[in-house]
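Presented below is the structure to which this report refers.
Treat the numbers as computed from the prediction; the structure is a model and nothing was measured.
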Amino acid sequence: YYAENKLALTTISATPASTSIKDKDEDEEFQLSPSDFEYLSKYINPIYLRSEDMSLLREKFIDDSAVQLSDFLIPNISEKMIKYTLNEDKNDEIGNERAPKSYTVGTSDEWKLIGPPHMQRYLSYNPNITKDNNNKNKNKNDSYDAGSCLNKIKIELFNSEQFARYLTCITTLKPYGYKDEDDHGLCDRVRRFRSGLDYTVAHYGAMTEIPRLDATLCFVNDDPRLDELEEKIRERNRKEQAKIDAGDDCEEEEEEEEEEEGEDDEKIPDWETGDCGGFECYISADSDAAEAAEVFQQEDNNNSSGNTGYGKADDEDESTLLSVSPGCNMLSLVMRDKGLMRFIKYVSASAPGSRWDVVTEYAIVQNDDEDSEEEDDSEEEN
């Protein structure tokens, strides 16, 4: 089922709000109303709005506290985003081993550079621009509309009551609010992580103090050579199978040539393998990595710009609870419990382009049992 419908699932050690779906009546509690369905269908892939599919997602989220939904937005929206992001990276001349011209590449009245550099660096979209700039934007070519398109998704979908109810349907959690990270510790932003420049780091200031639901809609563009690589691999497999069926043995020289071709092909940067960076990691503040997260490494591969990349803890492999690879039109939902931290790995200059995303952190309603447990823990500490 999941393979047929392109559902990629990930896990994290956290406690969801519910532990099981008990019966049909309880299942019916997590259904969309006709008006909610009508509103959400303007944005969300129909497969994720079907009752039976939401039920399967809900069961998986209850088990794992995390889930990824590929091809989340309808094609009409996702195709525009792919076009916009490709054009912006092309015009900014970043990605594909190209050294960024400066730290400010891509900045504008709308796109603000966020720091400080020892904690984070990325661009954040700010739609509060002057009337004159608004008029200029209306005359812009639509290839420069990635930010406004993502911001529209944030406001009309992620900040809507309908989407909050949808999240309850597929997670059983009940979001009740969101704020910008500079206000009450909850993030609600449109971001761009430029290849060869941007990252966030794990630090105690970013540690979760209250449980929350992270919703991140990501867009990245793959290297077009990967499609050629997949076709080469398929063709290679067809030839090998044909020789096996015919009973012929491959000559040693031919085998060596094919192995060399395979080695060259594997050098193509791929988001899924982590070669490009840009993936999101969740780590526990209770682990030894909490201290290591305060000290950051330079990126091992030195690009020609001389920029350094941050965001990788020394003990990342041992301490990582969840690693979420970036994908094109991919929604990630993660229940982040108290005491967890997360960061975005430095996006390498070898990446095909930038990582673009909408990230919203929702405060969630906690049941009475969870509240009483926290009170008991607090009393024991005192």
Any Lys/Arg nitrogen of [X] or [Y] sitting under 4.0 Å from an Asp/Glu carboxylate oxygen of the other?
X    : Y    : value
D89  : R98  : no
R194 : D92  : no
R336 : E361 : yes

Looking only at heavy atoms, which two atoms of [X] and [Y] are closest? And how far apart?
X    : Y    : answer
P352 : N221 : CB-O, 3.2 Å
I94  : R192 : CD1-NH2, 3.3 Å
G147 : E88  : N-OE2, 4.3 Å
T168 : F30  : O-CD2, 3.5 Å
D337 : P211 : OD1-CG, 3.8 Å
Q31  : S51  : OE1-OG, 2.8 Å

From [X] [atom1] over to [Y] [atom2], what is the distance, rounded to the nearest 0.5 angstrom?
X    : Y    : atom1 : atom2 : value
D145 : Y84  : CG    : OH    : 5.5 Å
L57  : I62  : CG    : CD1   : 11.0 Å
S325 : K345 : OG    : NZ    : 13.0 Å
K154 : D357 : NZ    : CG    : 12.0 Å
L213 : T171 : CG    : OG1   : 5.5 Å
K42  : L157 : NZ    : CG    : 11.5 Å

Does NZ belonging to K90 count more than 12 external heavy atoms closer than 6.0 Å? no
Heavy-atom count around E156 CD within 6.0 Å, excluding the residue itself: above 12? yes
Is any side-chain heavy atom of [X] closer than 4.5 Å to a side-chain heavy atom of [Y]?
X    : Y    : answer
M54  : L32  : yes
D36  : Y166 : no
Y122 : R189 : yes
K174 : I364 : no
L73  : L217 : yes
P326 : F279 : yes
Q120 : I114 : yes
N329 : M81  : no

Under 4.5 Å between side-chain heavy atoms, counting indirect links through other Ile/Leu/Val/Met/Phe/Trp/Tyr residues: same cluster for [X] and [Y] or not?
X    : Y    : value
V67  : F163 : yes
L86  : L197 : no
I47  : L69  : yes
I74  : I170 : yes
V359 : F158 : no

Under 3.5 Å: donor-acceptor pair, side chain of R355, backbone of C218: no
With distance as the sole test, does S354 use its side chain to make a donor-acceptor pair with the main-chain N or O of W356 at under 3.5 Å? no
Pair S78-D71, side chain to side chain donor-acceptor pair (under 3.5 Å): steps then yes or no: CA-CA 8 Å; S78 63; D71 298 326; over 6 Å; no
Could you tell me if N159 and D188 have a donor-acceptor pair between their side chains, going purely by distance under 3.5 Å? yes
Please step through side chain to side chain contact (heavy atoms under 4.5 Å, CB included) for the pair C328 and I82, ending with a clear verdict. CA-CA 8 Å; C328 184; I82 292 170; 3.7 Å; yes
Which class fits the ring pair Y125 and W111: parallel under 30°, tilted 30 to 60°, perpendicular over 60°? perpendicular
Carefully, step by step, assess Y48 and L40 under the rule side chain to side chain contact (heavy atoms under 4.5 Å, CB included). CA-CA 10 Å; Y48 298 121; L40 294 170; over 6 Å; no
Does the pair Y362 and L173 meet the rule for a side chain to side chain contact (heavy atoms under 4.5 Å, CB included), with working shown? CA-CA 10 Å; Y362 299 92; L173 303 174; over 6 Å; no
Run the side chain to side chain contact (heavy atoms under 4.5 Å, CB included) test on T216 and V358 for me, step by step, so that the C-alpha distance in whole Å, both residues' side-chain angles and the decisive distance to 0.1 Å come before the verdict. CA-CA 6 Å; T216 306; V358 176; over 6 Å; no
